[in-house]
2 protein chains.
Amino acid sequence: MSNILRQQIERIVSLTDEEYAFVLSHFTSKKFKKHQIIIREGEYVHNDYFLLSGLMKSSHINPEGREHIIQFAMQDWWITDPQAYHNETKATLQVDCLEDSETLFITLENREKLCREMQKMEYFFRKKTTAGYIALQRRILCLISSTAKERYENLLTQYPGLFQRVPKSLIASYLGVTRETLSRLANNN
Amino acid sequence: MSNILRQQIERIVSLTDEEYAFVLSHFTSKKFKKHQIIIREGEYVHNDYFLLSGLMKSSHINPEGREHIIQFAMQDWWITDPQAYHNETKATLQVDCLEDSETLFITLENREKLCREMQKMEYFFRKKTTAGYIALQRRILCLISSTAKERYENLLTQYPGLFQRVPKSLIASYLGVTRETLSRLANNN
DNA sequence: GGGCAAAAAGGACATTTATCACGAAAATGA
DNA sequence: TCATTTTCGTGATAAATGTCCTTTTTGCCC
């Protein structure tokens with residue numbers, strides 16, 4: 001069974017089996033294939049996806065067709081277009097699969113219902129979002145204060161596995177440099 | 001009276017006078033002078049500050065003494081070192097005043113107590129943090145996908161008033177460029 | 001297994017940005 | 001008010017990064 005979700009929640013609040021069953025009843029499981037697009041720009045975003053396995057990315061594609069990667073998500077991570085999901089507006093980001101992936105997703109409606117009916121879960125989501133906020137602040141600091149090389153080495157030490165799973169061009173896109181520049185940094189020129 | 005805080009909360013949840021009085025009882029008011037340092041690197045961070053007036057910044061100062069600005073906060077904004085505050089660890093950021101400022105601050109203890117005792121407020125903080133998360137994602141996208149000039153123009157249209165209130169060198173630090181580069185961008189070279 | 005498309009590497013050159021240096025203008029504080 | 005910082009702009013040069021291109025390698029699909 002997929003108690004990865006339960007483990008993540010229980011790192012923040014403890015749950016009885018009954019409580020977890022109730023939580024889980026608000027989720028739906030769904031599998032996706034590599035290259036499948038989960039969220040398309042311009043469409044409404046109904047779900048927030050929790051990854052049980054696989055790998056996805058969220059990205060913005062600018063008018064010239066260049067893609068900029070905002071986030072990679074692997075096992076135990078959440079991914080969606082948060083702006084569109086939480087504000088019920090149309091997506092400006094795209095989310096797609098870099099590998100076959102298994103997910104549990106929750107609609108906004110179910111998330112809010114769950115938070116209303118079970119304060120523990122409202123607490124969980126508050127803490128989880130706070131941790132996310134902190135992580136994004138650190139990424140911003142890295143982007144404004146570090147050189148491309150430092151950002152590259154930083155990512156390499158933080159997520160060494162990522163480099164075996166995704167093409168370098170996507171790593172470059174995440175770091176905010178071109179793939180040529182990344183190639184030079186990686187080869188120490 | 002300072003009902004700026006109440007207004008911000010009521011944009012998300014409605015409160016009776018009694019409820020607001022209860023909320024407010026968890027805050028302490030404090031004024032600061034320009035140049036005063038509110039949070040020092042290496043010290044524990046007890047408070048999250050809500051600005052009633054004035055202007056502050058949070059920044060990281062690297063070993064070479066270079067400052068990188070993570071956030072400006074003006075009226076109606078919150079500021080702290082979130083990582084140190086929420087995790088009860090020592091500050092890695094500095095928060096200081098760019099103008100004389102009036103604040104309402106809340107300790108982590110009071111914040112958690114308030115959330116426990118009043119689910120409305122847990123809802124408020126969850127929504128507020130979510131909105132903050134979304135804003136940071138957009139800033140990250142801007143940093144990895146836009147040129148320095150675009151980032152400058154973006155900030156200029158979003159916060160035109162800021163340019164009259166803070167030195168350009170700090171704007172540059174926020175945008176992740178040197179003050180010389182910013183000066184040239186602003187004068188269209 | 002073979003063919004094809006994607007990915008990676010690298011060269012040559014253009015552009016952007018950082019660095020260092022200096023002087024003028026503006027703001028600040030005694 | 002006056003002296004002292006701070007701020008701002010600008011030039012010259014170096015370093016970093018982007019752009020465009022070709023070649024090689026890899027890996028995937030039928």
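Chain A is the first sequence line, chain B the second, and so forth, proteins listed ahead of strands; every chain is numbered from 1.
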Handout entry: Protein-to-nucleotide contact annotation, 5' to 3' order, nucleotides 17-25 of chain C [B base; S sugar-phosphate only; - none; under 4.0 Å, heavy atom]
Key = SSBB-----
Fill in the blank from the handout: side-chain hydrogen bond (donor to acceptor under 3.5 Å, both in side chains) filter on A:Asp76, not counting sequence neighbours, yields A:Gln8
Practice task
Figure out the CZ/C1' separation between B:Phe163 and C:dA26, and round it to whole Å.
Solution key: 19 Å
Practice task
Check whether more than 12 heavy atoms from other residues, nucleotides or ligands sit under 6.0 Å from atom CD of B:Gln7, and answer yes or no.
Solution key: yes
Problem - Length of the CG-P vector between B:Leu143 and D:dT17, whole Å - result: 15 Å
Problem - Near-strand residues of residues 56-65 of chain A, defined as heavy-atom separation under 4.0 angstrom from DNA chain C - result: none
Practice task
Check the pair A:Lys90, A:Glu43 against salt bridge (Lys or Arg N to Asp or Glu O under 4.0 Å), reporting the backbone distance first and the verdict last.
Solution key: CA-CA 5 Å; A:Lys90 290 175 183 170; A:Glu43 297 185 356; over 6 Å; no
Practice task
Applying ring-ring contact (aromatic ring centres under 6.0 Å, His included), name anything that partners A:Phe105, two or more places apart in sequence or on another chain.
Solution key: A:Tyr49
Problem - B:Glu109, CD: over 12 other non-hydrogen atoms inside 6.0 angstrom - result: no
Exercise for the section: Rounded to the nearest angstrom, tell me the gap between atom CD1 in A:Ile171 and atom C1' in C:dA8. Expected result: 13 Å
Handout entry: Within one Ile-Leu-Val-Met-Phe-Trp-Tyr cluster: B:Leu143 and A:Tyr152, side-chain cutoff 4.5 Å
Key = no
Handout entry: Distance-only polar pair, side chains of A:Gln119 and B:Glu122, donor-acceptor under 3.5 Å
Key = yes
Completion exercise
Here the distance between atom C1' of D:dT7 and atom CG of B:Leu98, to the nearest Å, is 14 Å
Handout entry: A:Asp96 with A:Lys34: basic N within carboxylate O range, under 4.0 Å
Key = no
Exercise for the section: Starting from C1' on C:dA8, measure out to CG on A:Leu170 and report it in whole angstrom. Expected result: 13 Å
Exercise for the section: Using a 4.0 Å heavy-atom cut-off across all strands, classify A:Lys34 as base, sugar-phosphate, or nothing. Expected result: nothing
Practice task
State which residues pass ring-ring contact (aromatic ring centres under 6.0 Å, His included) with A:Tyr123; sequence neighbours excluded, sorted by chain then number.
Solution key: none
Fill in the blank from the handout: Of the candidates D:dC8, D:dT10, C:dA9, the side chain of A:Lys168 sits closest to C:dA9
Exercise for the section: Could you tell me the separation between the CG atom of B:Asn187 and the P atom of D:dT7, rounded to a whole number of Å? Expected result: 18 Å
Practice task
Would you work out how much the helix from C:dG1-D:dC30 to C:dA30-D:dT1 bends between its ends, with each end axis defined by five base pairs, to 10 degrees?
Solution key: 60°
Problem - Cation-pi, A:Tyr133 ring and A:Arg138 (6.0 angstrom, 45 degrees) - result: no
Problem - Rounded interatomic separation in angstrom, taking CD from B:Glu150 and P from C:dT16 - result: 11 Å
Exercise for the section: May I ask you to decide if the ring planes of B:Trp78 and B:Phe125 are parallel, tilted or perpendicular, using 30° and 60° as cut-offs? Expected result: perpendicular
Fill in the blank from the handout: From CD of B:Glu99 across to C1' of C:dA27 the rounded distance in Å is 14 Å
